[in-house]
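Notes for the one structure printed next.
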Amino acid sequence: MAISSLTRLATSTITSPPPFATALIISRYFTKRIIFTTATKEKNPPRSFKTMSSSLNSKVIAPYGSWKSPITADVVSGSSKRLGGTAVDPQGHLFWLESRPSESGRVVLVKEDGDEPIDITPPEFAVRTLAQEYGGGAFRIYGDTVIFSNYKDQRLYKQSTSSKGSCPVPITPDYGGPVISYADGVFDARFNRYITVMEDRRVSRTNSTTTIVAVPLDGNIQEPNVLVSGNDFYAFPRLDSKGERMAWIEWSHPNMPWDKSELWVGYISENGDIHNRVCVAGYDPKIVESPTEPKWSPTGELFFITDRKNGFWNLYKWVESKNEVLPLYPLNAEFARPLWIFGMNSYEFIKNEAGKTLIACTYRQNGKSYLGILDDVQGSFSLLDIPFTDIDNIASWNDYLYVEGASAVHPSSVAKMTLDGRKVVDFKICWSSSSDCLKYESYFSQPELIEFPTVVPGQNAYAYYYPPTNPLYQASQEEKPPLLLKSHGGPTAETRGILNLSIQYWTSRGWAFVDVNYGGSTGYGREFRERLLDRWGIVDVDDCCSCAKFLLENGKADKDRLCITGGSAGGYTTLAALAFRDTFKAGASLYGVADLNLLKAETHKFESHYLDKLVGDDKAFFDRSPINFVDKFSCPIILFQGLEDKVVPPDQARKIYKALKEKGLPVALVEYEGEQHGFRKAENIKFTIEQQMVFFARLIGRFNVADPITPIKVDNFD
C-alpha cells in the first residue's frame, strides 16, 4: 500500500454519489467548475490579534494555527511535480521523467538541452506503466532511442530522442485496452530486441501472470517471446555487455520482495533463449535474504545488493567460477530500498583517472543518506561531500554523477556533480520539483530527528519533528501548538526529513508536525522492519501514540489538539489509532484501509498475500479492522478517496463513512473522480490539504484559519 512516485493519471466525469452518501464528489468541467456542499455554520469565533510592540522587529501574537503564510495550498499543489527516474544517453544528455499536476498528473520524458529542457513525449502520450499498480521503470534510453510504456493503452513505443517532434511507434500488440503492462526493460543489441518484465491481466486483474519477455525491434509487431516464467513475480532483468548472460530477481507468494527473493543468472543460447540457469542468492533455506538490484560491471562481473548476515542491504559480488558471493563493504546501513516500484538504481560503475572501475553508491544510516565511491578491490569507501541528506537513484556519464536527492532546504531535485578523482568539484541543480521554493525559506521549519521509547522496553522508534515556524508570528507563552502526526504508507516504507511544502503548509501556520518511522519501517535494517510481522495495527499504532506522548511530555504539543493523518497503509494506522486508542482528538484518512478482510479480497496480485505476514490469522483480521469496532470511535474524522483506486477500493472509505455517520460522529467523505491510489491533479491536492486544515480548525482547533477556505459540510456537525 505504498504510494508510488508516478502512478496516478485519469480524467474526471460527473457521477452521482451512492444512495447512502452525502459525500462530496469533485467534478470538473473545462471551465474548472467545482460542485460541492458549503457549510453554513462556524463553531469557533475568530480570536483577536495582539502585537507585542510597534517595533519593526516584533512578531504578531496570534493563536497557533491562525498564522498567515505565503506557502498556500496553490503553492503546495504547484510544487508537487514528481520525479519518475533519470537516465543519461551516450552523448551525456540527461533525461528525466516528471509528473505534472497542472496537466492532471500527465507524466512526461524531458531532455536536458542547454538552458531550456525540451519535452520528448508528445502531448497525446504519457509515460507510465501500471505493472504491479505502482509502476516504475517505464522507459529506457539506448543511443538516440527511447522505449517507453504509454499510460492510456499500456503498449510499448519506440521514439527518437534526437529529432524534435518525432512520433512514437508501437512495438507491442494492441490488446484492445490496457490489460498488459511492461516495466524495467533493457535493450539487447545482440538480438535486436527489448527484454522486459510483462504483466498480463487479460484473465484476471487480481491474479495476473508475470514473465520476462523479449520484444522484437525489427518493426514487426508480434507476441512477445517468453524467456523466463513460472514464478509469481520478476524484476531487474539485466544483460551483461556481450548479451550472453542475463540476471534477474524473482519471488513468490506469500513473500514480498523484501521478505525473501532469489537472484538468478541465465545463459543465453545462439537462438536467444535461456538454455541454462543458476541461482546465485536466495536458494539456501538457512539464509534469509532478499537480493535486489543486480548489475553487470564493464568487465563482466555481477554485483547485487542483499541483506544476508547483518540484516542490512549491502553490496555483494558473485564469483561465477565458484558460485559463491562475497561482501564488498559490510556496514549496518541500507544500500537499497524496498522494491515497491521497478527501475531503482542505487549504484553505478565509474572509472577513475587510471581507468580503474569503481562503484558510486548511496546508503542510508540513522535517518540520513550518504554518497560515496567504493573500491571493491581495496575494500575502501570514500564519502562525497554534497548538500543532499536524502538520495534515491543515481546515474553516471564520464566524470559526472547525476543524483536524485533532497534535504531539509532542497525539495526533490536532480543534481549534476563533477568528479575529480574521489572529490566533488562542482554541484549543480538540474531539475527541481519546486524551483522557486527558496523564496519561502524564512518560513521553513527544520526537521529534528527524534528517537523515542516505545511500549516495548528497550525498543525505540524514530520520527522527524517540525516545530511551528513563521518569521512574522508567534503564539502566547501559555499556549501549546496543535500537533499533526503523520503515519507513512507502505507500511514497509520510510519517511524522510526533507523539504516538503505540504508539511511547511502546516508549520508555517502554527502547527507542530511529526512524521513517524514506526516499527516496520525501512531504513533501519531487517530486525526493525520485521517488528511489524503479525502485528500490523498494533506496533505502528502503539509507536504513533508513543511518539505523541513523547512530544507532550517534552512540551511540544497541546494534548487536546492532537490530530493524526496518513495515506494508504498510513490511513489504516490513522483509523486504527482512532478506533483502538484515545490519544488523538481528530483524524484524516487518505485512501486508507478500514476492513482488512475486504482489502485482502479486493487488492491486486502484488499485495494479495502481503497481509498474511503483517496481520496473521482470521481472528486478527477481524480484531484489527476498524470497521468492526465503530462503537470505539469517539472523535471527528474526514476521509479522502480516489474513485479509480485499485489498491484500496472506494468501498473501504464508503463503509467507514456510513458507519460513523450512523453512529452520530462528525464525519465527511471527499471522493475524487479520475484519481487512483494517491492524488495527482493539482486541484485535488489543493482541495485535500485545505479541507484537512479547516476541518481540524473547526472541530478541535479553537482558532480560525487565515486563508479564505470554504469548508465542506461535515455530517453530524453542520
Quick one: do Thr292 and Ser261 satisfy side-chain contact (heavy atoms from CB on, under 4.5 Å)? Show the steps, please. CA-CA 8 Å; Thr292 186; Ser261 58; 5.9 Å; no

Kindly give the heavy-atom pair with the smallest separation between Arg337 and Asn393, and that separation in Å. NH2-OD1, 2.7 Å

If we count only N and O atoms by modelled type, under 3.5 Å, do the side chains of Ser346 and Glu293 hold a donor and an acceptor together? yes

Nearest-0.5 Å distance that lies between atom CG in Leu599 and atom CG in Asp651: 12.0 Å

Minimum heavy-atom separation for Cys361 and Leu371, please, with both atom names. O-CD1, 3.4 Å

Are a donor atom and an acceptor atom from the side chains of Trp264 and Glu262 found within less than 3.5 Å of each other? yes

Side chains of Asp543 and Thr454: is there a donor and an acceptor less than 3.5 Å apart? no

Do Thr389 and Arg496 have a side chain donor and acceptor closer than 3.5 Å? no

Got more than 12 heavy atoms from elsewhere within 6.0 Å of CG, Asp582? no

Please report the shortest heavy-atom distance between Tyr610 and Pro491, naming the atom on each side. OH-CD, 3.1 Å

Quick one about Ser369 and Arg364 (side-chain donor to acceptor, distance below 3.5 Å, no hydrogens or angles considered), yes or no? yes

Cut-off 3.5 Å, side chains only: do Asp515 and Tyr465 have a donor facing an acceptor? no

Between Lys663 and Asn716, is any side-chain donor less than 3.5 angstrom from a side-chain acceptor? no

Verify side-chain contact (heavy atoms from CB on, under 4.5 Å) between Leu669 and Phe640, making sure each step is shown before the conclusion. CA-CA 6 Å; Leu669 170 62; Phe640 299 87; over 6 Å; no

Nearest 0.5 Å, please: how far is CD1 in Ile689 from CH2 in Trp506? 6.5 Å

Using side-chain heavy atoms (C-beta onward) and a distance below 4.5 Å, is Tyr370 in contact with Thr362? no

Between Asn517 and Thr495, does a side-chain hydrogen bond (donor to acceptor under 3.5 Å, both in side chains) hold up when you go through it step by step? CA-CA 6 Å; Asn517 277 317; Thr495 192; 5.3 Å; no

Charged N to carboxylate O below 4.0 Å: is that the case for Arg529 and Asp259? no

Would you call the rings of Phe580 and Phe629 parallel, tilted or perpendicular if under 30° counts as parallel and over 60° as perpendicular? perpendicular

Quick one: pull up CG in Leu614 and NZ in Lys600 and give me the separation to the nearest 0.5 Å. 11.5 Å

Looking only at non-hydrogen atoms, find the nearest pair between Gln652 and Leu598 and report the distance. NE2-CB, 3.5 Å

Between CD1 of Ile287 and NZ of Lys260, what distance do you get to the nearest 0.5 Å? 9.5 Å

With distance as the sole criterion, is a donor-acceptor pair present between the side chains of Glu199 and Thr209 under 3.5 Å? no

Does atom CG of Asp618 have more than 12 heavy-atom neighbours from other groups under 6.0 Å away? no

Within this structure, what is the NZ-CZ distance for the pair Lys605 and Arg205, rounded to the nearest 0.5 Å? 13.0 Å

Are side-chain heavy atoms of Met693 and Glu690 found at a separation under 4.5 Å? no

After noting the C-alpha distance and the side-chain angles of His253 and Ser608, does the key distance pass the side-chain contact (heavy atoms from CB on, under 4.5 Å) rule? CA-CA 9 Å; His253 286 318; Ser608 60; 3.4 Å; yes

Assess whether side-chain hydrogen bond (donor to acceptor under 3.5 Å, both in side chains) is satisfied between Gln504 and Ser445, documenting all intermediate values. CA-CA 7 Å; Gln504 304 299 328; Ser445 177; 5.0 Å; no

Decide if atom CD of Glu451 counts as having more than 12 heavy atoms of other residues, nucleotides or ligands within a radius under 6.0 Å. yes

Classify the ring geometry between His488 and Tyr518 as parallel (under 30°), tilted (30 to 60°) or perpendicular (over 60°). parallel

Flag for Ser208-Asp200: side-chain donor and acceptor within less than 3.5 Å: no

Passing candidate, side-chain contact (heavy atoms from CB on, under 4.5 Å) with Leu575, options Leu660, Leu639, Ile627: Leu639

Centroid-centroid under 6.0 Å between Tyr134 and His604 rings: yes

Are Thr603 and Val647 packed together at the side-chain level, in the sense that at least one heavy-atom pair is separated by less than 4.5 angstrom? yes

Applying side-chain contact (heavy atoms from CB on, under 4.5 Å), run through Tyr572 and Leu596 and close with a yes or a no. CA-CA 9 Å; Tyr572 166 71; Leu596 294 173; 3.8 Å; yes

Between Gly616 and Phe621 the two heavy atoms that sit nearest each other are O-CE1, 3.4 Å

Once the angle between the rings of Trp258 and Trp340 is folded into 0 to 90°, is it parallel (under 30°), tilted (30 to 60°) or perpendicular (over 60°)? tilted

Got a sec: does the NZ of Lys613 have more than 12 other heavy atoms crowding it under 6.0 Å? yes

Are a donor atom and an acceptor atom from the side chains of His677 and Asp645 found within less than 3.5 Å of each other? yes

Over all atoms of both residues, closest heavy-atom pair of Leu562 and Ala548: CD1-CB, 4.3 Å

Hey, what do you get for OG1 (Thr492) to CD (Glu530), rounding to the nearest 0.5 Å? 10.0 Å

Would you please indicate if the ring centroids of Phe304 and Phe236 are separated by under 6.0 Å? no

Over 60° means perpendicular and under 30° means parallel, so classify the ring planes of Phe687 and Tyr672, tilted if in between. perpendicular

Tell me, yes or no, whether the heavy-atom count around Lys549 atom NZ, taken from other residues, nucleotides or ligands under 6.0 Å, exceeds 12. no

Indicate yes or no: does Arg581 engage Asp542 in a salt bridge with an N to O separation below 4.0 Å. yes

Within 45° of the ring axis of Trp536 and under 6.0 Å from its six-membered ring centre, is that where the NZ or CZ of Arg531 lies? no

Please say whether the positively charged group of Lys585, taken as NZ for Lys or CZ for Arg, lies over the ring of Phe696, i.e. under 6.0 angstrom from the six-membered ring centre and within 45 degrees of the axis. no

How about Tyr462 and Ser521: does a side-chain donor come under 3.5 Å of a side-chain acceptor? no

State whether a side-chain donor-acceptor pair under 3.5 Å links Asn314 with Lys309. no

Could Lys619 and Asp617 be called an ion pair, given the rule that one side-chain N must be under 4.0 Å from one carboxylate O? no

